[in-house]
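Everything on this sheet refers to the single structure shown next.
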2 protein chains.
Amino acid sequence: MAKDERPAYEQVKDWIRKHIASGAWKPDDVVPSEAALMERFAISRMTAHRALRELAAEGLVTRVQGSGTRVAQLHRISSQLVIRDIHEEVAERGHVHSTRVLRVAEEKAGPELAESLGLRRGARVFHTVLVHLENGVPIQYEDRYVNPQAAPTYMQTDFTRESPTLHLLQHAPLTEASYSIEATLPTAEEALALGIESSEPCLAMMRRTVSGAHVASVARQLYPGTRYSFNGQFQA
Amino acid sequence: MAKDERPAYEQVKDWIRKHIASGAWKPDDVVPSEAALMERFAISRMTAHRALRELAAEGLVTRVQGSGTRVAQLHRISSQLVIRDIHEEVAERGHVHSTRVLRVAEEKAGPELAESLGLRRGARVFHTVLVHLENGVPIQYEDRYVNPQAAPTYMQTDFTRESPTLHLLQHAPLTEASYSIEATLPTAEEALALGIESSEPCLAMMRRTVSGAHVASVARQLYPGTRYSFNGQFQA
DNA sequence: GAGTGGTCTAGACCACAGA
DNA sequence: CTGTGGTCTAGACCACTCT
């Protein structure tokens, strides 16, 4: 054996993937059943099952009990959009991350914010505004409101050392999140803080995170269009 | 049994998830081993193994052979960014999708484009430019180059009936894709076609798709910032 | 060496689809 | 009724980590 032997279920997955990628098996075609794979590869049913189950989880095939396994309709490109702690992300590029703190305050929530955080009107909320820099260049303006019930120690954080995202991830275990991304122009204040023209387009990400019973945080993060892009990859 | 019995491995996963979400088990804490779970739930090792393996695939725990299973460091927020055929997407909102075709031509590839498509300089490529409308309002400007080797029948498509994305998905099975999203201003031509001011920020998605041995297509899709946003959700 | 996870087998019972 | 997938067991051998 010259080769480093790959697990049997991986070999089966590769074999099926190859047929789909090459176009030999088209969407809605039947994929060999577990029994057929057992014979073909001289493997047990559990192994064949695992290969097909994982391909189904990856979205390449569809399985229906009693009916069979078919090639999935490949009508969508999907990929993981991973939203990470910005400090970690910058560090991974081998660059230096730093933070400029613009505002750390306790405020009373207006009606809209209160509803968004699931609090009553006028409840106390934590508010932070800061700018993240990569090698001294501003790359993100972060305006965030935090629910004190979800992260009571938020205000004691030294934000130049621990980012809001990191604090929240560590103190308010994440159970749910939703986001939306759009293109927008910065406000005068945001442009000033980022050191850009107010005519320069930016990516704006609005995010809302839930931790257990509480909405933990509502944030708006602004990235200058010329200094940041989201990238992704997808492999069948 | 009043309840609809959930599979054993799901019950184990739920149990572990609960402990992580509640904060009882913190990042880097050890999760019960497969042997421990076998005893606790009176299940076989394969079942315990499956529960832990799936949690690892979901990113909630980390497993190291010989060492053990631990709660993952950052519950990084990740979610599927699904890129779909725009016709399908509009139809799903109950709206009417239509297309305005601006250009359908065969051209010679310049050096940069040729390299991007994996062709030699000056090779023939298909070029289409069109605008997608939702209820008559322009929402996407699509500028696309296609490799004739990957989709020889591309030019025969009636693009008012079948979108380029759909044609390519059906004729060039997708094996790989990469994309990047950024904020930008439209060119004069793009602004005109979209019916917007050239000062209005847009989301630009650059996409490159691979089908088998060929790069199938390189496309730039521009969305007016005020008429489109990417949305996503995540649940632990 | 003891404990951990990674893989695999040869059975088993069940639920469901389709002829 | 046959074939399909969904789950589960009780063993097994191996590779790895840690002490």
Side-chain angles (χ1 to χ4, degrees), chain A residues 1-20 25-74, chain B residues 1-20 25-73 75:
Chain A
M1 267 149 278
K3 280 202 158 191
D4 203 347
E5 195 74 17
R6 277 168 64 81
Y9 70 90
E10 286 288 359
Q11 293 182 32
V12 175
K13 285 174 67 176
D14 288 346
W15 182 76
I16 294 171
R17 257 197 277 259
K18 215 175 55 190
H19 283 82
I20 295 178
W25 299 346
K26 302 211 168 299
D28 213 42
D29 280 1
V30 175
V31 171
S33 70
E34 299 182 358
L37 292 174
M38 288 170 67
E39 279 217 5
R40 184 114 192 10
F41 289 92
I43 55 179
S44 77
R45 207 193 131 203
M46 278 298 282
T47 304
H49 178 71
R50 177 168 175 184
L52 290 175
R53 176 160 45 78
E54 293 192 357
L55 288 173
E58 291 167 24
L60 250 81
V61 301
T62 313
R63 316 194 74 195
V64 178
Q65 199 175 59
S67 173
T69 304
R70 287 158 185 280
V71 178
Q73 299 288 339
L74 296 177
Chain B
M1 267 151 276
K3 280 203 159 190
D4 202 346
E5 194 76 15
R6 278 170 64 87
Y9 71 90
E10 286 288 0
Q11 294 182 32
V12 175
K13 285 173 68 176
D14 288 346
W15 182 75
I16 294 171
R17 257 199 276 259
K18 214 175 56 191
H19 283 83
I20 296 177
W25 297 346
K26 303 212 168 298
D28 212 42
D29 280 2
V30 175
V31 171
S33 71
E34 298 182 356
L37 292 174
M38 288 170 67
E39 280 217 3
R40 183 114 190 16
F41 289 92
I43 54 179
S44 78
R45 208 194 127 200
M46 278 298 280
T47 304
H49 178 71
R50 176 167 177 186
L52 290 174
R53 176 162 44 79
E54 293 192 357
L55 288 173
E58 291 168 23
L60 252 82
V61 302
T62 312
R63 316 195 73 192
V64 178
Q65 199 177 57
S67 173
T69 304
R70 289 160 184 279
V71 177
Q73 266 306 330
H75 307 159

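Note on naming: letters A, B, ... go to the chains in the order of the sequence lines (proteins, then strands), and numbering restarts at 1 for each one. No hydrogens, no waters, no symmetry mates; every other heavy atom, side chains included, goes into these values.
OP1 and OP2 of D/dG6 both lie 4.0 Å or more from every side-chain N or O belonging to A/R53. Contact annotation: B/R63 reaches the phosphate of C/dG6 (side-chain N/O to OP1 or OP2, under 4.0 Å). The side chain of A/H49 contributes no N or O atom lying less than 4.0 Å from OP1 or OP2 of D/dG5. Within the 4.0 Å cut-off from OP1 or OP2 of C/dT7, at least one side-chain nitrogen or oxygen of A/Y9 is found. Dashed line: the shortest gap from a side-chain N or O of A/S33 to OP1 or OP2 of D/dT4 is under 4.0 Å. Between A/T69 and D/dG5 there is a side-chain polar atom (N or O) within less than 4.0 angstrom of OP1 or OP2.
Of the listed residues (A/R45, A/M46, A/H49), just one forms a side-chain contact (heavy atoms from CB on, under 4.5 Å) with A/M38, and that residue is A/R45. Each of A/R63, A/R50, A/R53 was compared with A/E34 under the side-chain hydrogen bond (donor to acceptor under 3.5 Å, both in side chains) criterion, and only A/R63 meets it.
For B/T62, there are no side chain to side chain donor-acceptor pair (under 3.5 Å) partners at least two apart in sequence or on another chain. Not a single salt bridge (Lys or Arg N to Asp or Glu O under 4.0 Å) links B/D29 to another residue, sequence neighbours left out.
Note on B/R50: only backbone sugar-phosphate atoms sit closer than 4.0 angstrom, heavy atoms only; bases stay farther off. Residue contacts shown for B/A42 are limited to sugar-phosphate atoms, with no base heavy atom under 4.0 Å away.
Taking atom CZ of A/F41 as the reference point, atom P of C/dT7 lies 17 Å away to the nearest angstrom. Taking atom CD1 of residue A/I43 and atom P of nucleotide C/dG6, one finds them 19 Å apart after rounding to whole Å. With rounding to whole Å, A/E54 atom CD is found 16 Å from D/dG5 atom P. In this entry the distance linking CZ of B/R45 with C1' of D/dC14 reads 10 Å, nearest Å. In this structure, CD of A/E34 is placed 11 Å from P of D/dT7, rounded to the nearest angstrom. D/dA15 atom C1' lies 17 Å from atom CZ of A/R6, rounded to whole Å. Across the protein-nucleic acid pair, A/K13 atom NZ and C/dG6 atom P stand 14 Å apart, rounded to whole Å.
Using the six-membered ring where Trp is involved, A/W15 and A/W25 have ring planes that are perpendicular, over 60° apart on the 30 and 60° scheme.
Looking at which nucleotide of DNA chain C each of A/E10 and B/G68 is closest to, the 5′-most match is held by B/G68. Both A/L52 and A/M46 sit near DNA chain D, but only A/L52 has its closest nucleotide nearer the 5' end.
Among all heavy-atom pairs drawn from A/P32 and A/L52, the shortest one is O-CD1, 4.1 Å.
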Checklist entry - If the sugar-phosphate is the primed atoms plus P, OP1 and OP2 and the base is the rest, what is the B/S/- string for nucleotides 14-19 of chain C, using protein heavy atoms under 4.0 Å? => result -BBB--
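For A/E10, the CD atom is densely surrounded, since the number of other residues' heavy atoms within 6.0 Å is greater than 12.
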